[in-house]
Undergrad: 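I have a structure I would like to understand better, so I am pasting it below and will then ask my questions one at a time.
Keep in mind that what you see is a predicted model, and the values were worked out from it rather than measured. Values below: all heavy atoms of this structure, side chains included; hydrogens, waters and symmetry mates excluded.
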Amino acid sequence: QVRLVESGGGLVQAGDSLRLSCAASGRDFSHYAMGWFRQAPGKEREFVAVIDWSGKNTLYADSVRGRFTISRDNTVHTLALQMSSLRPEDTATYYCATRDRILVPLSSAPNDYDFWGQGTQVTVSS
C-alpha cells in the first residue's frame with residue numbers, strides 16, 4: 001500500500017523559512033518523480049515543484065522559483081521542500097505526490113500524479 005505522509009507545516013511570519021518533509025512507503029519510490037503541490041481555501045490545487053527520480057532534474061512554479069528548493073533522499077524514501085522568504089500568499093495546504101509511471105517528462109499537472117499525501121498546513125502571517 002502506497003503511503004505518503006507530509007510533516008513540517010506550521011504558522012510563520014513573512015520572510016521566515018520552513019522545511020516540509022514527505023515520508024514515502026509502500027514501494028520503492030527511487031524510480032519515480034515526486035512533487036509538491038498546494039491548495040489554498042477556495043482555490044484549485046496548484047503545482048509548486050517536482051523532482052525526477054535521480055534528484056538531478058527539477059521544475060518549479062514561477063511563484064516559488066528562487067525561494068523554494070525541492071530535494072529527495074532515496075536512501076530513506078524522503079522528499080523535502082525547503083521554503084524561504086515566505087509570503088502570505090504561500091499560505092496553503094501543501095501536498096506531496098508521486099506518479100505511477102517512470103521515464104516520463106516532469107509534469108506540473110496534478111492529474112498526472114497517482115498518489116497523494118494528506119497534506120500539511122502552512123500559514124504565513126504578514
Side-chain angles (χ1 to χ4, degrees):
Q1 179 180 356
V2 174
R3 189 176 185 213
L4 301 173
V5 180
E6 302 95 336
S7 61
L11 172 62
V12 297
Q13 294 186 332
D16 285 352
S17 297
L18 203 59
R19 183 178 179 87
L20 305 183
S21 293
C22 174
S25 61
R27 72 173 184 185
D28 184 358
F29 286 90
S30 62
H31 303 298
Y32 301 87
M34 298 189 72
W36 287 99
F37 293 79
R38 66 187 182 186
Q39 187 167 19
K43 296 186 176 181
E44 294 186 352
R45 189 166 298 188
E46 66 171 0
F47 167 73
V48 175
V50 61
I51 190 167
D52 75 349
W53 68 273
S54 71
K56 295 179 181 179
N57 298 294
T58 58
L59 185 66
Y60 292 93
D62 290 343
S63 59
V64 307
R65 187 178 295 112
R67 299 188 299 122
F68 291 11
T69 301
I70 189 172
S71 62
R72 67 190 295 164
D73 186 341
N74 287 338
T75 63
V76 292
H77 305 295
T78 301
L79 178 73
L81 184 68
Q82 179 67 45
M83 305 184 293
S84 61
S85 303
L86 283 162
R87 306 167 180 170
E89 53 264 38
D90 294 319
T91 295
T93 300
Y94 284 70
Y95 299 88
C96 72
T98 189
R99 304 188 65 173
D100 204 22
R101 297 174 63 191
I102 62 173
L103 301 178
V104 292
L106 294 180
S107 172
S108 61
N111 287 343
D112 283 341
Y113 291 77
D114 303 286
F115 303 103
W116 294 82
Q118 84 290 345
T120 186
Q121 177 66 37
V122 173
T123 303
V124 185
S125 64
S126 58

Undergrad: Testing D90, T93, T91 one by one against R38 for a side chain to side chain donor-acceptor pair (under 3.5 Å), which residue passes?
TA: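 The side chain to side chain donor-acceptor pair (under 3.5 Å) with R38 is passed solely by D90 among D90, T93, T91.
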Undergrad: Examine V124 and L18 and state if one hydrophobic cluster contains both, with Ile, Leu, Val, Met, Phe, Trp and Tyr joined whenever side-chain heavy atoms are less than 4.5 Å apart.
TA: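 V124 clusters together with L18.
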Undergrad: In terms of hydrophobic clusters joined by side-chain contacts under 4.5 Å, are M83 and L79 together?
TA: yes
Undergrad: Any luck finding a side-chain donor-acceptor pair between Q13 and S125 under 3.5 Å?
TA: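 The answer is no; no qualifying pair exists.
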Undergrad: For Y60 versus T69, what's the shortest heavy-atom pair and its separation?
TA: OH-CA, 3.3 Å
Undergrad: Mind checking whether Q82 and F68 have side chains closer than 4.5 Å, heavy atoms only?
TA: no
Undergrad: Side chains of R19 and S71: does their closest heavy-atom pair fall under 4.5 Å?
TA: yes
Undergrad: Please find the pair of heavy atoms, one from V48 and one from V64, that lie closest to each other, and give the distance.
TA: O-CG2, 3.5 Å
Undergrad: Any idea which heavy atoms bring G35 and I70 closest together, and the distance?
TA: CA-CD1, 4.4 Å
Undergrad: May I ask you to check if R72 and W53 form a cation-pi contact, with NZ or CZ under 6.0 angstrom from the six-membered ring centre and within 45° of the axis?
TA: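 R72 over W53 ring: no.
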Undergrad: Establish, yes or no, whether a centroid distance under 6.0 Å links the rings of F37 and Y113.
TA: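 Yes, they do, as the ring centres are separated by less than 6.0 Å.
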Undergrad: Taking CZ in R65 as the centre, count heavy atoms belonging to other residues, nucleotides or ligands within less than 6.0 Å. Is the count above 12?
TA: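 For R65, atom CZ is crowded (more than 12 foreign heavy atoms under 6.0 Å).
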Undergrad: Step through the shown structure and confirm whether more than 12 heavy atoms of other residues, nucleotides or ligands are within 6.0 Å of CD on E46.
TA: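 More than 12 within 6.0 Å, yes.
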Undergrad: Kindly say whether D73 contributes a backbone atom to a donor-acceptor pair with the side chain of T75 at under 3.5 angstrom?
TA: no
Undergrad: Would you say that Q1 contacts R27 through its side chain, given a criterion of any heavy-atom pair below 4.5 Å between the two side chains?
TA: no
Undergrad: Report the C-alpha distance between Y32 and R101 in whole Å, list the side-chain angles of each, state the deciding distance to 0.1 Å, and finish with yes or no for side chain to side chain contact (heavy atoms under 4.5 Å, CB included).
TA: CA-CA 7 Å; Y32 301 87; R101 297 174 63 191; 5.9 Å; no
Undergrad: Are the side chains of L4 and T98 in contact, using a 4.5 Å heavy-atom criterion?
TA: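 Answer yes - side chains close enough.
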Undergrad: What's the verdict on side chain to side chain contact (heavy atoms under 4.5 Å, CB included) for T123 and V12, showing C-alpha distance, side-chain angles and the deciding distance?
TA: CA-CA 6 Å; T123 303; V12 297; over 6 Å; no
Undergrad: Taking all heavy atoms of E6 and all of C96, pick out the closest pair and write down the distance.
TA: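 For E6 and C96, the tightest heavy-atom pair comes out as OE2-N, 2.9 Å.
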Undergrad: Using the rule that Ile, Leu, Val, Met, Phe, Trp and Tyr join whenever any side-chain heavy atoms are under 4.5 Å apart, tell me whether M34 and V2 fall into a single cluster.
TA: yes
Undergrad: Check each of L106, V104, I102, L103 against D52 using the side chain to side chain contact (heavy atoms under 4.5 Å, CB included) test, and report the only one that passes.
TA: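 Considering L106, V104, I102, L103, a side chain to side chain contact (heavy atoms under 4.5 Å, CB included) with D52 is found only for L106.
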Undergrad: With distance as the sole test, does S84 use its side chain to make a donor-acceptor pair with the main-chain N or O of R67 at under 3.5 Å?
TA: yes
Undergrad: Might you point out which heavy atoms bring V122 and G9 nearest each other, and give the distance in Å?
TA: CG2-CA, 4.1 Å
Undergrad: Determine whether the side chains of D112 and S107 contain a donor N or O and an acceptor N or O closer than 3.5 Å.
TA: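 Short answer, yes.
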Undergrad: Taking the six-membered ring of F115, is the NZ or CZ of R99 close enough (under 6.0 Å from the centre) and on axis enough (within 45°)?
TA: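 No, R99 does not lie over the aromatic ring of F115.
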Undergrad: Same cluster or not: are L11 and L20 linked, directly or through other Ile, Leu, Val, Met, Phe, Trp or Tyr residues, by side-chain heavy atoms under 4.5 angstrom apart?
TA: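 Different clusters: L11 never reaches L20 through Ile, Leu, Val, Met, Phe, Trp or Tyr contacts under 4.5 Å.
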Undergrad: So which heavy atom on P110 is nearest to which on W116, and how close?
TA: O-CZ2, 3.5 Å
Undergrad: Group every Ile, Leu, Val, Met, Phe, Trp and Tyr by side-chain heavy-atom contacts under 4.5 Å, then state whether W36 and L86 land in the same group.
TA: yes
